[in-house]
Every structure is written in structure tokens, then in C-alpha cells.
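The sequence lines fix the lettering, A, B, ..., with proteins before strands; numbering per chain opens at 1.
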Amino acid sequence: MAKTILAVDDSASIRQMVTFTLKGAGYEVIEAVDGQDAFDKASHHQINLILTDINMPRMDGLKLLELLRKLAQYKNIPILILTTESSDEIKAKGRAAGATGWLVKPFDPKRLLEVIGKVIG
Amino acid sequence: MTELQSVSDKLDNKSEGKSVLEDKDKVICNNAADEYFMGIKEDLNQAERLVSDAVNNLVINFRYISKLTESHHEMVLAIERMAAPEGNSCINELLEKQMVIANQIEQELEMAITSLQFGDLVAQLLAHTTRQVEMLNVELQRIDRQGGWQGKTESEALDSIHSGISKAVDVVKNKSKKKPVVQQGMQMGDVEVF
């Protein structure tokens, strides 16, 4: 059975590029437009990995990360950050909040799939 | 006469003892300045709309080319299967070439995925710049409302104006969020697994 990935980004073009890459590799993809949308969808679906942006309206990626890590079913699910942000300061915040990894945009599809394959098991 | 000219004339006349700036005078951020700020924001919004439109079209083109490539690939494989029993070396050679071309198109499409993310980076930068322009406009208006030019000499008034502008810029710098995009090109970003 295909693993399900929740792709969270307020940019429609990024969501489409992520979905295109992941579906091409055989993953099921659920899209969310911001942290709040992602949190709602994560509560209603069985997700195997979350790939989220940081800067988003309503709820940002770090807040989403914090909230999900408080839920038993998302304590050990890989959560990767895909963002334009690359400072050590924000990476440290993400790591402290429970991020599994950090990818700086723009992403390379092959590299993204490698990292996902590595952390999703 | 524009407000800027009016203020300038008042400053000129003050040295002749004819008129002075009053606290109610909008020295830094008058209507002309407000219109200028509005123009900048409209230009930034227009740039955002153009980029967004271009990205949407490019993504549609990308998906269509990708689907066509997939169909082409399948067709080559089907022809290969049909031609195999005949053992026609010319057809097989042509099919091999077709397969190489199909693989090259797929590789190019993968590279386009990285480049097509420019819309998100540009949109974030434009939003950041728009916020900074808005904040500067608001800060200059606030300093204008505070006034403090009344009864000052020309040079004192100018000093006061310069100091007001510097203060506004400092406030904006302090209030501004860190620039969200530092990338200077569309090369793949760093990857780190914790």
C-alpha cells in the first residue's frame, strides 16, 4: 500500500511541484494550504510523513510542528521542513520543535525523494 | 502648488521672517509622499500578479508536456513490443533513439521542477518589500503627526525633519522581520537530516 504524505505550502506552484514529484514516485499525496489546514487534515487521515513550509498565513510551519508533536499519533512521524529560510537560528528552532530534517528551497526532485526514502523507511 | 513646494517656500520665507512652519504642517509625509508610497505598493502588487500569472501558465505547460512525454514513452514501448518479433534492426535502432530522447525530456522536466519554484521565492520577497514600504509610510505619518517644527529656524527645522526620517527608518528596520529569501539563484538548496 502506498504511503501517504501531507504536503503543506501556501504556494500553489510549490504544492503542485511537490505533488508531481511524490506521485511520480508512487506516494499518495494530500495537500494543505497552511498550518491550520494541515492540522485539520492530519487529524482526519493516516499520514506517514509531513513536508511543510514555514512562512504561511493562519498557522506557520513551526506552530504546526509543535501541535503535531503533542499528538500521540504524530510523535514519531517524520516531519520535514521545506522552506526558503536557512539561518542556523530558525533551523535550531525547528529542530527543537521536533523537525526530522530541513530542506531549503528550491528543492531538487531526486534529492527530495532520497531524503524522504531515508526518513520514511 | 504641491505640498512639498509649499513647505519649501515656508522654510525659505522663514529666514525673511514672513512665515514659519506650524506643527499641523505635514512636512515629511504629505499627500504627494503618500501617493508615491501608494504607487510603489501598486507596482509591487503588479509585479506579484505578473509573476503569479506566469508561474500558473508555466505549471500548466509543464504538466501538459509531462503528460505528452509519458504518452510518448508508452507509445515507443508499444511499438518496440510490436516490432520485436520482426527483428527489423532499422526499426529497433529508431526506437532506441526515441527512448534516449524520451529519457532526456524526462530529465529536463525534472530540472524544470527546481526552476519553477521561482514564483514562491519572488512572491515572498515582494511581500517582504511591500510590508517594509507600508511600515515606512506609517512611521513617517506618525512622526508627521508628532510635529515639533513650530517656531524653529530653517536649519533647525531641516535637522528635525532629517532626524524624523532617520528615526522612521530605524523603527522600520527594528520592526521588520528577517528577509525570508536569501537565495541569489535557483540552484538546489541545502538539505539536512537531523
Should the heavy atoms of other residues, nucleotides or ligands under 6.0 Å from CG of Asp88(A) be counted, would the total exceed 12? no
For the interface with chain A, which of Arg63(B), Glu70(B), Gln187(B), Gln117(B) has the highest count of heavy-atom pairs at distances below 4.5 Å? Gln117(B)
Examine Ile165(B) and Val171(B) and state if one hydrophobic cluster contains both, with Ile, Leu, Val, Met, Phe, Trp and Tyr joined whenever side-chain heavy atoms are less than 4.5 Å apart. no
Connected via hydrophobic side-chain network under 4.5 Å: Leu82(A) and Phe118(B): yes
Applying a strict under-4.5 Å side-chain criterion to I, L, V, M, F, W and Y, I'd like to know whether Val104(A) and Ile79(A) cluster together. yes
Asp108(A) versus Met188(B), closest heavy-atom pair with distance: CB-SD, 3.2 Å
Smallest separation among heavy atoms of Phe62(B) and Met17(A), with atom names: CD2-CE, 3.9 Å
Where does Ala99(A) contact chain B at under 4.5 Å (heavy atoms): side chain, backbone, both or neither? both
Which answer fits Gln124(B), side chain, backbone, both or neither, if we ask what part of it has an atom under 4.5 Å from a heavy atom of chain A? side chain
Under a single-linkage definition using a 4.5 Å side-chain heavy-atom cutoff for Ile, Leu, Val, Met, Phe, Trp and Tyr, are Leu112(A) and Val119(A) assigned to the same hydrophobic cluster? yes
Looking at CD1 of Ile90(A) and NZ of Lys178(B), how far apart are the two atoms once the value is rounded to the nearest 0.5 Å? 8.0 Å
Measure across Met186(B) and Pro106(A) and return the closest heavy-atom pair with its distance rounded to 0.1 Å. O-CG, 3.6 Å
Can you tell me how far apart CD (Gln16(A)) and CD1 (Ile60(B)) are? Round to the nearest 0.5 Å. 8.0 Å
Which atoms of Arg95(A) come close to chain B, meaning under 4.5 Å heavy atom to heavy atom: side chain ones, backbone ones, both, or neither? both
Whether over 12 other heavy atoms sit under 6.0 Å from Met38(B) CE: no
Region of Phe20(A) that comes under 4.5 Å of a non-hydrogen atom in chain B: side chain
Within a reach of under 6.0 Å around NZ of Lys167(B), are more than 12 heavy atoms found that belong to other residues, nucleotides or ligands? no
Chain A neighbours within residues 101-114 of chain B, where any heavy atom lies under 4.5 Å away: Glu110(B), Ile113(B), Thr114(B)
What residues of residues 48-56 of chain B sit under 4.5 Å from chain A when only non-hydrogen atoms are counted? Val55(B)
Main chain of Val181(B), side chain of Thr84(A): is a donor-acceptor contact present, judged purely on distance under 3.5 Å? no
Over 12 non-hydrogen atoms of neighbours within 6.0 angstrom of NZ in Lys110(A): no
Does a side-chain heavy-atom distance below 4.5 Å link Val182(B) with Ser86(A)? yes
Under 4.5 Å from a heavy atom of chain B, the part of Ile14(A) involved: side chain
Counting only heavy atoms from other residues, nucleotides and ligands, does the tally under 6.0 Å from CG of Asn76(A) exceed 12? no
Write down the atom of Gln183(B), the atom of Lys105(A), and the distance for their closest heavy-atom approach. NE2-O, 2.7 Å
Using 30° and 60° as the class limits, which term best fits the ring planes of Phe194(B) and Trp102(A): parallel, tilted or perpendicular? tilted
Cluster check Leu121(B), Leu51(A): I/L/V/M/F/W/Y, side chain < 4.5 angstrom: yes
